[in-house]
Protein chains: 2
Amino acid sequence: MSSTIPKKPDPEPVAVTDEDAAESERLPRSLPSKRPGPPGGKRDENRRRRTRELCDAGLDLFLEKGIEGVTIDDIVRAAGVAKGSFYRYFEDKADLVEAIVSPLAAQVDDAFREGQAALEKASSNRRLFAAYQLLAEKLAGAIFLQPLVVKLYLQEMRTPSAGARAPIHALATRIADEAVSLTATARTHALWRPVHPRVSALAVVGSVEKLLFAFLSGEDLGELAEIPDALISMILDGLRLKD
Amino acid sequence: MSSTIPKKPDPEPVAVTDEDAAESERLPRSLPSKRPGPPGGKRDENRRRRTRELCDAGLDLFLEKGIEGVTIDDIVRAAGVAKGSFYRYFEDKADLVEAIVSPLAAQVDDAFREGQAALEKASSNRRLFAAYQLLAEKLAGAIFLQPLVVKLYLQEMRTPSAGARAPIHALATRIADEAVSLTATARTHALWRPVHPRVSALAVVGSVEKLLFAFLSGEDLGELAEIPDALISMILDGLRLKD
DNA sequence: TCAATTAATGACTAGATAGTCACTTTTTCC
DNA sequence: GGAAAAAGTGACTATCTAGTCATTAATTGA
């Protein structure tokens, strides 16, 4: 390897607001007005179980056949639930997709917010590394918690946004914008090549997404532990101005 | 820029079989047995026009709504053709997709074949550049001829391969494999970092695809002419062993 | 010209699909 | 316990869809 990456840079003072460990459980969208039952009671428990069953069955089917290729009947059959029950909890397929994706979206948004904050304070290469490492760790955490949702995102993100895929498309747009904004900041600090920020940001995001999709598809990528370092040094040698 | 790229290396002796300038016109799949009519006659001309109208209408709709979201009725309505006529020329939607994609697939396969041949002879950095430049030029040519088909490919390639998307998925698999094989060759020649070839190949392909999709979606990427150089130097500085 | 052949048409069928609703079962809470 | 509210059910409707086919129109070639 030709780049020297500081192994485990001290987590320099950085705005880490960990208040929001992104709720990964998917809750019913709304509660009845008169007799909702006590939290932890049977009504509450049944609602949570139904929502979870429908989300789980939906996710599996979406990954297998693509969002557009799955019908509500498929979903309720797989979840072992009557059709009417689906419509008690969700407006339509788009609403289900939204419920599946939104916890991941929240985590990803947080990761970028924190990365951006750290980067704005970075004035040295050391802090540049630290900021990117923070971002990478937060994103890795999100991926680790919801790998199948990430795969669904990668699988559907480029398809036209009509109907049920709208929430996924919205997340894709936000990620691209946040990555570009991050790169623009790095360039402001003169730590980066004078390449159009959208170009270098998309190049990096594209690499990561492709590798991640391959990994989540079970492809053999050799020793997994080596990938992050390999990727980081590729990116940094490719984009960073030399010291 | 920190890498020195030889501007326009002489196109060293390289196996360029240009016999097959990939027919980009989409022909009817089969001919009637008894009275097909003379080539250039009315029957022949009508057949070609119908196939083209159906392919064009299909492509537009696929890009707008996604392959899975388009019905045969949509296609024949857009093409101004009766439904029965569709089934005279194509088996089903998958067959139409196959007809739309296959000229591009042929060109891409050729580009990789030639790139691989050039690379196998490359023993110097100069020839490494030349081989990659040859590949890039061939691919750029294919993209320039069929930008909308390329966009369709990028849009649908990660979705599950069932049904109509099968031909697109097949092309995606071939491209990934050929890119990996190319990288493995470069590594054999000791011109490349000791990174798992699948990792570096997918990283490069991922960048290119992401940028290409953004470009084909009309995003602003700054001065277009600068992108290839920026990309090549990013890739080479990121992956190449230092001289 | 005209019979043979191919091409084009759109109504039609069988099956699938989203969403609804009257009815039954479960839970709440007095 | 029991009335009231919520949750669960699956048959039902109206719509959409892939694919067929009898009929009509256009083209061929002698």
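In what follows, every heavy atom counts, from backbone to side chain, and hydrogens, waters and symmetry copies are set aside. Proteins come first, then strands; the chains are lettered A, B, ... in the order of their sequence lines, and each starts at number 1.
The backbone N or O of Phe62(B) lies less than 3.5 Å from a partner atom in the side chain of Gln155(B), making a donor-acceptor pair. Counting only distance, with no hydrogens or angles, the side chain of Ser181(B) and the backbone of Asp177(B) share no donor-acceptor pair below 3.5 Å. Between the Arg165(A) side chain and the Met157(A) main chain, no donor and acceptor come within less than 3.5 Å of each other.
Not a single donor-acceptor pair, N or O on each side, falls under 3.5 Å between the base of dA6(D) and the side chain of Arg35(A). A donor-acceptor contact under 3.5 angstrom links the side-chain atoms of Arg43(B) to the base of dT27(D). Under 3.5 Å, the side chain of Lys83(B) and the base of dA18(D) form at least one donor-acceptor pair of N or O atoms.
Following rounding to the nearest Å, Asp44(B) (CG) and dA7(C) (P) show an atom-to-atom distance of 10 Å. The interatomic distance linking Ile72(B) (CD1) with dG15(C) (P) rounds to 19 Å, in whole Å. Taking atom CG on Leu96(A) and atom C1' on dA18(C), their separation rounds to 14 Å, with Å as the unit. In this structure, the NZ atom of Lys34(A) is 16 Å from the C1' atom of dT27(C), given to the nearest Å. In this structure, Asp92(B) atom CG and dT20(D) atom C1' are separated by 15 Å, rounded to whole Å. The separation between Glu68(A) atom CD and dT17(D) atom C1' is 14 Å, rounded to whole Å. Rounded to whole angstrom, the span from the CZ atom of Phe86(A) across to the P atom of dT17(C) amounts to 14 Å. With rounding to whole Å, Glu45(A) atom CD is found 15 Å from dT26(C) atom P.
At the phosphate of dG8(D), OP1 or OP2 sits under 4.0 Å from a side-chain N or O atom of Arg50(A). For Ser85(A) and dT9(D), the shortest distance from a side-chain N or O to OP1 or OP2 is below 4.0 Å. Phosphate contact (OP1/OP2 of dT27(C), side-chain N/O of Asn46(A), threshold under 4.0 Å): present. Between Tyr89(B) and the phosphate of dA8(C), there is a side-chain N or O to OP1/OP2 separation shorter than 4.0 Å. Under 4.0 angstrom from either OP1 or OP2 of dA6(D) there lies at least one side-chain N or O belonging to Ser33(A).
Here Pro38(B) lies in heavy-atom contact (under 4.0 Å) with sugar-phosphate atoms only. Gly37(A) comes within 4.0 angstrom of the backbone, heavy atoms only, and of no base.
Looking at the side chain of Asp73(A), the nearest of the listed nucleotides dC29(C), dT17(C), dT28(D) is dT17(C). Distances were taken from every side-chain heavy atom of Ala82(B) (C-beta onward) to each of dT20(C), dA7(C), dG10(C); the shortest belongs to dG10(C).
Each of Lys93(B) and Pro36(B) was assigned the nucleotide of DNA chain D with the nearest heavy atom; the assignment lying further toward the 5' end belongs to Lys93(B).
In this structure, the separation between CD1 on Ile100(B) and OG1 on Thr51(B) is 11.5 Å, given to the nearest 0.5 Å.
Checking each of Leu224(A), Asp220(A), Ile227(A), Val150(A) against Phe215(A) for a side chain to side chain contact (heavy atoms under 4.5 Å, CB included) leaves exactly one that passes, namely Leu224(A).
A cation-pi arrangement is present between Arg158(A) and Phe213(B), with the terminal nitrogen or guanidinium carbon under 6.0 Å from the aromatic centre and inside a 45° cone about the axis.
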